[in-house]
Participant: 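Pasting a structure below so you can have a look.
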Amino acid sequence: MALDAEARQKLEETTRWQPSEAEARIFAEWIDGDYFHPEATGNAEDNYSVAIPPPNVTGVLHMGHALNGSMQDALVRMNRMKGKNTLWILGMDHAGIATQSVVEKRLKEDGIDRHEIGREDFTRRVWQWKEDYATRIKQQYQRLGASCDYERERFTLDDDYARAVRKVFTSLFEKGLIYRDNYMVNWDPGSRSAISDLEVVNREMADTLFSIDYPVESSDRVLTVATVRPETMMADTAVAVNPADPRYADLIGEHCILPLVGRRLPIIADEHVDIEFGTGALKITPGHDVNDFEIGRRHGLEEISVIGEDGRMTEAAGERFAGMTVGEAQVAVAAALREEGALSAEEEYVHSVPFSERSGERIEPLISLQWFCRMEELAAPAIEAVEDGRVNITPDQWKGVYLNWMREIRPWCVSRQLWWGHRIPVWYRGDEVYSGEQPPEGDGWVQEEDVLDTWFSSAIWPFATLGWPDETDELKAFYPTDFLTTAREILFLWVARMIMTGIEFAGDVPFRDVYVHSVIQARDGRRMSKSLGTGIDPLGEIDEHGADALRFGLLSMSSTQDVRYSDAKVQQGRDLSNKLWNASRLILMNIDEPEVRTVPADPQAVEDKWILSRLESTIASVTSLLDEYDFAHAAQEIYTFVFSELCDWYLEIAKPRIYEGDGEIAQVLLHALERTLSLVHPIMPFVTEEIWRYHPYREGHLVVHPFPEAETARRSEQLEASIDHDIALTRQLRGWRDMAGVPPKIVLDAQGDASKVLEFVGRLSRVNIRSGFDGESVATVAGFGILASEGLDMDALTDRLGARRAKLENDQKKIEGKLGNQSFVDKAPPEVVAEEREKLVRLKSELVELG
RNA sequence: GGGCGGUUAGCUCAGUUGGAAGAGCACCUGCUUUACACGCAGGGGGUCACUGGUUCGAGCCCAGUACCGCCCA
């Protein structure tokens, strides 16, 4: 099939790849073709599936999603092209605290407080928000080209999903792993909720360190304690010293008196106390400090709370301070102590202070009644799964990080004092507590007000999205999934928990491979963040350079370490898409479809064999790089092949035959183009699909075209080396011309045997090589005698030849020194020594040529 | 405080088992070569953070120092 007139015209006038014109149209074709929506048939062993890390419905697509999506899509597309039944599960996360707070903030701008409108009305408004944002996020993934199954979109608060969550909770409850306890939690006064350890960020802060004298009972002595939080002293229930500290050994078991309050505090001994810090005596406040809480539990101390959930002092703080904010109380307590003469020192102290990642407020450690999940039993098999390789974590170092954390896992506080989320399936009636998937029978039951931590529902994402707990066809076909790519910051929050629940509830690990990708930082090396204003909008980059360019750029800048966003890499991607487009124009506009589509196993032209060998080598290496998740090198291999080998050399070498209408080269080119497009498609889907539209072999969309499998029979290192030699000669001649200042238009004459090199050497270097010229050659280059010509600038040449000679002589000296070293010759492997000798020979012959 | 990672060309980054350092961008010199100036050809540019050690040979291995970053407490 030759190009029809319309197609030819389109190719002729489109001299640049224009992503904005094509991308939406192409994506619509993929959707119409239903390529992303597989039947739930077959089994997970043969099929390929990936569950997207569900983006939060709080925001829009950011660079992290774009990177993550590019990686997943590359693998998903490659496996789909390999003919596997492939599913990429799409969905969003309700993101409890985050979503509730953005909606709350929005309402506040309209002067609405959520407590005024009530739980039901509030959550209805959040759902409305969710609908808007889920639609936007979905469209943004489509802009990126993500080949998710848009018909199987899931949300962590859907009815079916909620059923799965209740089932998991109830089952853990019945196993006794879920329990309710008064425990120290990270209280976030901003969201008025407990949050998990993993949602706390520590920041360096300068505070005042107060030294307070606690008089020892029936003695003249005082114990001086140092604290940054004097306002919590009303909750002190002991003073602790280190048992190994000789200064206080005699006081252990005695009591001291709490200033301002007058309470008797036992003086206890605990290993935790740092002898070096302050005076070595520590006030113990089990109600308001994490470490003190544990010391208190060890010694059976009373737990007093003087700070309420609103961040204000309670009645228990005494009427002098009750109702004050924590900050106000600190000032008031310090003043009162000063008045009493109990404050012996104040100094500045820099330490690390916990803040809520969500609300940004300082965490108030409080004791409160919360639901917890005990983790050891769930962690054990999840540790094993990584140890024995059923789950493989790449890069390797993260495996160790995962294992360390899992081995020291702590109870997980799963309750949150929010409205937006899965309401905990527990009901109370008097002292009775019931947990079940459905409300209990009978009257008088009241459901728990709290909701579950968002991560409790995301923890079951890979199987809950497939219909669990029902035994669906989807589960059978697509669980476990194959691959998960994630940012390392959610390795514990999310990945570890999925492995635990997967094993516990779905009977198998949730995925085989976890790839922890790098963080793309802002151009200046800072973190990309909305609040810093350092974010780069992927949609803006797509508008400007095209989705293929962004995908290529992100993949090639990704690495095992954090990297700065590189505009140059995105431009490289744009250049590559343009190059593919134009190389294809050259081929498609000048070549007619051959009668036979196959390419001979042994084509006549050596350059044809060469490019086919290079193509198959590239296919082999790109495929294996993608298999080991080395996206950056895969992208670079493709770039080098297309630019350097295919375009700069092969197409230039082949041009005369292209224009002559050579039959064999038509076969070679169309074959090479078909395979190149297929190879590149997983990384740059749009431009390749668009080019494929014009390819005479096209029978359907490229998105489902077979992915090339490397044909080893076409590969020949020997052949590659021989063409590489002629390429090197060409470059040598070109370099010499430039050195000699020969204008590009002038064709030089050179004395030599043209049959010893391929035709292109003379053509591409613009040197007319033949034997039998009259006249003397002025220089010898690569064995050819260059004849005098009007274009030669002999002075410039002499200067530059001198420089070249100096460099060669220097190299020669180095190698001779090496070979003169007896122990090198004796001890180095013979092939290394031989190589050095060859190098020396080459250098010497080039020096001779220079004259 | 514990752990991990980084320091290579002006910039951003690669460097497989130790054999003498690469890419892209930027820079310089040419080129309206009928696929592409988002292009082509040629070129300059590095005490591989520092100090010791192992080795015939170290960017790579070992020990230490400095600075930067991340995770956990």
Side-chain angles (χ1 to χ4, degrees), chain A residues 11-12 14-19 197-198 200-202 274 277 290-291 352 354 395 397-398 400-402 404-405 408 410 488-489 491-492 518-519 521 523 525-527 545-546 549 553 556-590 630 632-633 635-637 639-640 643-644 647-648 651-652 655 658-659 730-745 763-766 796 800 803 811 814-815 818-829 831-833 835-836 839:
Chain A
L11 280 181
E12 263 168 20
T14 314
T15 59
R16 281 187 192 178
W17 166 238
Q18 290 166 350
D197 292 343
L198 294 166
V200 172
V201 287
N202 290 292
D274 182 355
F277 184 78
V290 181
N291 291 317
S352 126
Q397 74 236 39
W398 296 104
V401 174
Y402 167 92
N404 282 341
W405 188 78
E408 282 168 38
R410 298 165 61 129
R488 57 171 167 264
E489 66 206 39
L491 190 61
F492 307 137
S518 51
V519 174
Q521 300 165 331
R523 295 177 178 95
R526 285 190 294 170
R527 204 187 146 71
H545 307 293
S556 55
M557 69 184 94
S558 76
S559 144
T560 52
Q561 63 163 323
D562 292 352
V563 287
R564 298 174 187 211
Y565 186 79
S566 162
D567 297 290
K569 287 273 162 50
V570 178
Q571 262 172 47
Q572 216 182 322
R574 185 197 55 178
D575 294 348
L576 178 58
S577 36
N578 192 54
K579 197 71 173 174
L580 279 167
W581 174 253
N582 277 298
S584 303
R585 285 177 66 226
L586 170 68
I587 295 169
L588 296 169
M589 293 193 309
N590 292 290
D630 188 347
H633 285 108
Q636 289 308 313
E637 284 275 310
Y639 181 90
T640 304
F643 260 79
S644 170
C647 295
D648 291 348
L651 290 180
E652 293 305 327
K655 267 179 185 173
I658 294 176
Y659 294 129
T730 309
R731 301 190 64 138
Q732 220 177 318
L733 288 165
R734 281 171 169 173
W736 189 89
R737 287 179 63 108
D738 205 64
M739 262 202 291
V742 182
K745 281 200 166 153
R763 172 164 50 91
L764 297 183
S765 61
R766 302 184 68 76
R800 302 188 66 173
D811 288 354
K814 257 161 73 176
I815 295 180
K818 214 163 159 181
L819 289 169
N821 180 351
Q822 198 54 43
S823 55
F824 170 74
V825 180
D826 290 345
K827 295 187 182 175
E831 61 270 22
V832 174
V833 179
E835 202 176 314
E836 292 298 316
K839 251 189 241 169

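Hydrogens, waters and symmetry mates play no part in the numbers below; they use all other heavy atoms, side chains included.
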Participant: Taking only the side-chain nitrogens and oxygens of Lys579(A), find out if one of them lies under 4.0 Å from OP1 or OP2 of C40(B).
Facilitator: yes
Participant: Any idea which of G6(B), G19(B), C36(B) is nearest the Val832(A) side chain?
Facilitator: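 That would be G19(B).
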Participant: May I ask you to say what Val563(A) touches in the nucleic acid, namely base, sugar-phosphate or nothing, with a heavy-atom cut-off under 4.0 Å?
Facilitator: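 Sugar-phosphate only.
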Participant: Just call it for His545(A): base, sugar-phosphate, or nothing, with non-hydrogen atoms closer than 4.0 Å on any strand.
Facilitator: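 Answer is nothing: His545(A) stays at 4.0 Å or more from every strand.
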Participant: Would you classify Arg16(A) as touching base, sugar-phosphate or nothing, given that sugar-phosphate means primed atoms plus P, OP1 and OP2, and contacts are heavy atoms under 4.0 Å?
Facilitator: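 The answer is base, as Arg16(A) lies within the cut-off (heavy atoms under 4.0 Å) of a base atom.
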Participant: Identify, between Asn821(A) and Val401(A), the residue whose nearest nucleotide on RNA chain B lies closer to the 5' end.
Facilitator: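 This one resolves to Asn821(A).
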Participant: Using a strict 4.0 Å threshold on nitrogen-to-oxygen distance, state whether Asp562(A) and Arg488(A) make a salt bridge.
Facilitator: yes
Participant: Using a 4.0 Å heavy-atom cut-off across all strands, classify Arg734(A) as base, sugar-phosphate, or nothing.
Facilitator: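 Answer is sugar-phosphate: Arg734(A) comes under 4.0 Å of backbone atoms only.
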Participant: Nearest to the side chain of Gln636(A) - C56(B), A23(B), C31(B)?
Facilitator: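 Selected nucleotide: A23(B).
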Participant: Just name whichever nucleotide pairs with C4(B), Watson-Crick or G-U, keeping both distances under 3.5 Å, else none.
Facilitator: G69(B)
Participant: For the residue pair Asp826(A) / Gln822(A), report whether a side-chain donor-acceptor contact shorter than 3.5 Å exists.
Facilitator: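 Side chains of Gln822(A) and Asp826(A): pair found under 3.5 Å.
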Participant: Distance between the C1' atoms of U51(B) and A58(B), in whole angstroms?
Facilitator: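 After rounding to an integer number of Å, I get 15 Å for this pair.
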Participant: Assuming nearest nucleotide by heavy-atom distance, tell me which of Met557(A) and Pro743(A) is located more 5' along RNA chain B.
Facilitator: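 Going by which nucleotide is closer to the 5' end, it is Met557(A).
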Participant: If you check every side-chain atom of Tyr639(A), which of C71(B), C25(B), A20(B) has the closest atom?
Facilitator: C25(B)
Participant: Could you give the distance separating C4(B) and A41(B) at their C1' atoms, to the nearest angstrom?
Facilitator: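 Approximately 46 Å lies between the C1' atom of A41(B) and that of C4(B).
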Participant: Heavy-atom distance under 4.5 Å between the side chains of Val570(A) and Met557(A), does that happen here?
Facilitator: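 When only atoms from C-beta onward are counted, Met557(A) and Val570(A) do touch, with a gap below 4.5 Å.
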Participant: Taking any heavy-atom pair under 4.0 Å as a contact, classify Pro829(A): base, sugar-phosphate, or nothing.
Facilitator: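 The answer is base, as Pro829(A) lies within the cut-off (heavy atoms under 4.0 Å) of a base atom.
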Participant: With rounding to whole Å, what would you report as the distance between C27(B) and A66(B) at their P atoms?
Facilitator: 40 Å
Participant: Rounded at 0.5 Å granularity, tell me how far CZ in Arg763(A) sits from OG1 in Thr730(A).
Facilitator: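 Answer for the CZ-OG1 pair, Arg763(A) versus Thr730(A), is 9.5 Å.
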Participant: Among U12(B), G15(B), C38(B), which is the nearest nucleotide to the side chain of Asp575(A)?
Facilitator: C38(B)
Participant: Suppose you measure atom C1' in A73(B) against the same atom in G22(B); what distance do you get, rounded to whole Å?
Facilitator: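 The same atom, C1', in both gives a distance of 42 Å.
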Participant: What's the closest nucleotide to the Asn582(A) side chain, out of C36(B), C13(B), G42(B)?
Facilitator: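 When the side chain of Asn582(A) is considered, C36(B) is the closest of C36(B), C13(B), G42(B).
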Participant: Can you tell me how far CG of Leu576(A) sits from CH2 of Trp17(A), rounded to the nearest 0.5 angstrom?
Facilitator: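 If I round to the nearest 0.5 Å, the distance is 12.0 Å.
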Participant: Just how far, in rounded Å, is P of A20(B) from CD1 of Ile815(A)?
Facilitator: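 These atoms are roughly 9 Å apart.
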Participant: Any strand is fair game: report the nucleotide pairing with C56(B) by Watson-Crick or G-U wobble, both distances under 3.5 Å, or none.
Facilitator: G19(B)
Participant: Measuring only the C1' atom in each nucleotide, how far is G6(B) from A14(B)? A whole number of Å is fine.
Facilitator: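 My reading of the C1' atoms in G6(B) and A14(B) gives 14 Å.
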Participant: From OH of Tyr402(A) over to P of C70(B), roughly how many Å is that when rounded to an integer?
Facilitator: 25 Å
Participant: Would the number of heavy atoms belonging to other residues, nucleotides or ligands and lying under 6.0 Å from CD of Glu831(A) be above 12?
Facilitator: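 Yes, because the 6.0 Å sphere around CD of Glu831(A) holds more than 12 heavy atoms from other groups.
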Participant: The side chain of Gln572(A) lies closest to which of these nucleotides: G24(B), A14(B), G42(B)?
Facilitator: G24(B)
Participant: Using purine N1 to pyrimidine N3 plus N6-O4 or O6-N4 for Watson-Crick, or N1-O2 and O6-N3 for G-U wobble, both under 3.5 Å, which nucleotide pairs with G42(B)?
Facilitator: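 Paired with C28(B).
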Participant: Has the side chain of Lys655(A) got a donor or acceptor that lies under 3.5 Å from a partner of the other kind on the base of A35(B)?
Facilitator: yes
Participant: Give a yes/no on whether any side-chain N or O of Gln521(A) is located under 4.0 angstrom from OP1 or OP2 of C70(B).
Facilitator: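 It does not, given that no N or O in the side chain of Gln521(A) lies less than 4.0 Å from OP1 or OP2 of C70(B).
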Participant: So does Ser559(A) get a side-chain nitrogen or oxygen closer than 4.0 Å to the phosphate oxygens (OP1/OP2) of A14(B)?
Facilitator: yes
Participant: Can you tell me how far P of U17(B) sits from CD of Glu831(A), to the nearest Å?
Facilitator: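 Answer to the nearest Å: 17 Å.
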Participant: In whole Å, what is the span from the CD atom of Gln822(A) to the P atom of C56(B)?
Facilitator: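 It is 13 Å, rounded to the nearest whole Å.
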Participant: The side chain of Glu835(A) lies closest to which of these nucleotides: A20(B), A41(B), C36(B)?
Facilitator: A20(B)
Participant: With rounding to whole Å, what would you report as the distance between U17(B) and U12(B) at their C1' atoms?
Facilitator: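 Rounded to whole Å, the distance is 28 Å.
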Participant: Have a look at Ser584(A) and say if it touches a base, only the backbone sugar-phosphate, or nothing, with a 4.0 Å heavy-atom cut-off.
Facilitator: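 The residue Ser584(A) makes no contact with any strand.
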Participant: For the P atoms, the ones on A21(B) and on G59(B), what distance do you get once it is rounded to whole angstrom?
Facilitator: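 Each nucleotide's P atom is 9 Å from the other's.
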Participant: Is the shortest side-chain heavy-atom distance between Arg527(A) and Val519(A) below 4.5 Å?
Facilitator: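 They are not in side-chain contact.
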Participant: So Trp405(A) and Phe492(A), would you call those rings parallel, tilted or perpendicular, with 30° and 60° as cut-offs?
Facilitator: parallel
Participant: Quick check for you: among G19(B), C71(B), A35(B), whose closest atom lies nearest to any side-chain atom of Phe492(A)?
Facilitator: C71(B)
Participant: What integer distance in Å separates Arg523(A):CZ from C13(B):C1'?
Facilitator: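 Going from CZ in Arg523(A) over to C1' in C13(B) covers 17 Å.
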Participant: Round to the nearest Å and state the distance from Trp17(A) atom CH2 to C38(B) atom P.
Facilitator: 17 Å
Participant: Pick base, sugar-phosphate or nothing for Arg731(A), based on heavy-atom distances below 4.0 Å to the nucleic acid.
Facilitator: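 Result for Arg731(A) = sugar-phosphate.
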Participant: Let me know the distance between CG of Asn578(A) and C1' of C38(B), rounded to the nearest Å.
Facilitator: 5 Å
Participant: Considering only side-chain heavy atoms of Asp648(A), which listed nucleotide, C71(B), A41(B), U12(B), is closest?
Facilitator: A41(B)
Participant: To the nearest angstrom, how far is Phe643(A) atom CZ from G24(B) atom P?
Facilitator: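 Rounded to the whole Å, the gap is 10 Å.
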Participant: Taking donor-acceptor contacts at under 3.5 Å, does the side chain of Glu836(A) reach the base of A20(B)?
Facilitator: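 Per atom types, no contact qualifies.
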Participant: For the P atoms, the ones on G5(B) and on A37(B), what distance do you get once it is rounded to whole angstrom?
Facilitator: 47 Å
Participant: Are the side chain of Arg16(A) and the backbone of Asn578(A) linked by a donor-acceptor contact shorter than 3.5 Å?
Facilitator: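 Flag not set: sc Arg16(A) to bb Asn578(A) has no pair under 3.5 Å.
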Participant: With a 4.0 Å cut-off on heavy atoms, is Tyr659(A) in touch with a base, just the backbone sugar-phosphate, or nothing at all?
Facilitator: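 The answer is sugar-phosphate, as Tyr659(A) gets under 4.0 Å only of primed atoms, P, OP1 or OP2.
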Participant: Check every atom of A35(B), G19(B), G5(B) against the side chain of Ala828(A) and return the nucleotide holding the closest atom.
Facilitator: G19(B)
Participant: Base, sugar-phosphate, or nothing for Glu652(A), non-hydrogen atoms under 4.0 angstrom?
Facilitator: base
Participant: Let's test this: given Watson-Crick or G-U wobble pairing with both distances under 3.5 Å, identify the partner of C48(B).
Facilitator: none
